[in-house]
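Values reported hereafter were calculated over all heavy atoms of this structure, with side chains retained and with hydrogens, waters and symmetry mates removed.
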Amino acid sequence: MSSPSKRREMDVMKLMMSDYKVEMASDAISEFFVEFHGPKGSPYQSGVWKVRVELPDAYPYKSPSIGFVNKIYHPNVDELSGSVCLDVINQTWSPMFDLLNVFEVFLPQLLLYPNPTDPLNGDAAALMMRDHNLYEKKNIVKYMQSQKT
């Protein structure tokens with residue numbers, strides 16, 4: 001790849017040509033929103049989230065910034081800001097990864113296998129460890145509330 005900007009354009013185009021609905025935030029290719037469906041087999045499977053993606057100038061050498069716009073009740077997602085705590089995005093990102101990896105692998109794995117021992121949302125983590133069924137019910141209630149706003 002000749003430059004980070006070409007790679008950025010190519011990765012965004014691949015995402016747009018996939019099954020994901022992508023909405024540009026402005027004329028710049030560095031910020032956009034992706035419609036993300038919860039993975040099957042998770043408490044999130046019936047949900048659809050709007051995920052904000054910001055690509056730094058140094059992308060793909062620097063990781064994208066990923067955040068949920070509508071509320072999601074999850075131990076590794078800050079309920080107020082929507083910020084995601086995910087090692088592969090925040091610390092171990094590699095230029096070998098692309099945006100499709102984020103939406104087809106990393107986010108589904110985050111929702112399928114939460115890590116309550118390293119939470120951004122302590123309330124969700126504690127409830128998940130204490131009463132998993134109640135955690136799943138609260139998750140559905142929080143999602144339904146977020147759809148009304």
Side-chain angles (χ1 to χ4, degrees), residues 8 11-149:
R8 187 178 323 127
D11 283 4
V12 172
M13 281 305 246
K14 279 174 44 180
L15 193 61
M16 292 173 98
M17 292 170 58
S18 69
D19 291 336
Y20 298 99
K21 181 179 174 190
V22 178
E23 175 189 333
M24 302 311 286
S26 65
D27 290 340
I29 200 164
S30 60
E31 184 181 356
F32 52 92
F33 300 94
V34 177
E35 188 176 278
F36 177 72
H37 294 258
K40 287 181 176 53
S42 77
Y44 307 93
Q45 68 185 1
S46 61
V48 179
W49 282 270
K50 186 175 188 177
V51 178
R52 183 173 179 261
V53 179
E54 273 188 80
L55 300 177
D57 290 340
Y59 177 88
Y61 303 104
K62 188 172 183 217
S63 67
S65 174
I66 306 293
F68 286 87
V69 175
N70 46 336
K71 300 282 186 216
I72 185 167
Y73 190 70
H74 188 283
N76 309 112
V77 179
D78 183 83
E79 197 169 8
L80 295 176
S81 71
S83 296
V84 174
C85 179
L86 185 60
D87 283 348
V88 75
I89 293 175
N90 298 329
Q91 288 143 8
T92 60
W93 177 263
S94 164
M96 291 174 44
F97 302 137
D98 65 15
L99 295 171
L100 281 176
N101 291 123
V102 171
F103 290 95
E104 291 182 351
V105 179
F106 305 150
L107 286 180
Q109 285 183 349
L110 177 76
L111 297 186
L112 283 164
Y113 310 107
N115 180 3
T117 61
D118 186 21
L120 275 178
N121 182 336
D123 178 53
L127 184 58
M128 181 183 190
M129 290 191 290
R130 187 175 64 249
D131 186 340
H132 196 79
N133 288 333
L134 185 58
Y135 163 78
E136 288 188 6
K137 287 177 187 169
K138 188 167 184 173
N139 212 315
I140 293 165
V141 169
K142 291 271 188 178
Y143 175 74
M144 296 307 286
Q145 289 171 344
S146 78
Q147 297 305 293
K148 293 176 185 173
T149 57

* Going from CZ on Phe32 to CE on Met16, what distance comes out if it is rounded to the nearest 0.5 angstrom? -> 8.5 Å
* Would you say Asp11 and Leu100 make side-chain contact, with heavy atoms under 4.5 Å? -> no
* To do: Take Val102 and Phe36 through the side-chain contact (heavy atoms from CB on, under 4.5 Å) test and state the conclusion after the steps.
  => CA-CA 11 Å; Val102 171; Phe36 177 72; over 6 Å; no
* **Full working for salt bridge (Lys or Arg N to Asp or Glu O under 4.0 Å) between Glu31 and Arg52** => CA-CA 7 Å; Glu31 184 181 356; Arg52 183 173 179 261; 2.9 Å; yes
* Give the intermediate values and the outcome of side-chain contact (heavy atoms from CB on, under 4.5 Å) for residues Glu79 and Ile72. => CA-CA 6 Å; Glu79 197 169 8; Ile72 185 167; over 6 Å; no
* From Asn115 CG over to Tyr113 OH, what is the distance, rounded to the nearest 0.5 angstrom? -> 13.5 Å
* To do: Applying side-chain contact (heavy atoms from CB on, under 4.5 Å), run through Ile66 and Val53 and close with a yes or a no.
  => CA-CA 5 Å; Ile66 306 293; Val53 179; 3.9 Å; yes
* Could you grab the distance from atom OG1 of Thr117 to atom CE of Met128, nearest 0.5 Å is fine? => 10.0 Å
* Asked: Under the side-chain contact (heavy atoms from CB on, under 4.5 Å) criterion, do Asn76 and Leu120 qualify, and how do the steps go?
  -> CA-CA 5 Å; Asn76 309 112; Leu120 275 178; 5.7 Å; no
* To do: Look at atom CE of Met24 and say whether more than 12 heavy atoms of other residues, nucleotides or ligands are closer to it than 6.0 Å.
  => yes
* Minimum side-chain heavy-atom gap Pro39-Ser42 below 4.5 Å -> yes
* Any pair with a residue in residues 96-123 that passes salt bridge (Lys or Arg N to Asp or Glu O under 4.0 Å), sequence neighbours left out, goes on the list, sorted by first then second residue, please. => Lys14-Asp98, Asp123-Lys138
* Value rounded to 0.5 Å, distance of NZ in Lys71 from NE2 in His74 -> 16.0 Å
* Asked: Looking only at side chains, do Asn139 and Tyr44 share a donor and an acceptor under 3.5 Å apart?
  -> yes
* Asked: Parallel, tilted or perpendicular: which describes the rings of Tyr20 and Phe103, with under 30° parallel and over 60° perpendicular?
  -> tilted
* Asked: Looking at CG of Leu127 and CD of Glu136, how far apart are the two atoms once the value is rounded to the nearest 0.5 Å?
  -> 10.5 Å
* Asked: Tyr73 vs Tyr135 aromatic rings, parallel, tilted or perpendicular, using cut-offs 30° and 60°?
  -> tilted
Please set out all donor-acceptor pairs under 3.5 angstrom arising from side-chain atoms of residues 81-88, sequence neighbours excluded.
unit_1 : atom_1 : unit_2 : atom_2 : d
Ser81  : OG     : Asp78  : OD2    : 3.0
Ser81  : OG     : Ser83  : N      : 3.2
Ser81  : OG     : Ser83  : OG     : 2.9

* What closest approach, in Å, do Phe97 and Tyr59 show between heavy atoms, and which atom pair accounts for it? -> O-OH, 4.3 Å
* First locate atom CZ of Arg8, then atom CG of Leu99, and finally report the distance between them rounded to the nearest 0.5 Å. => 10.5 Å
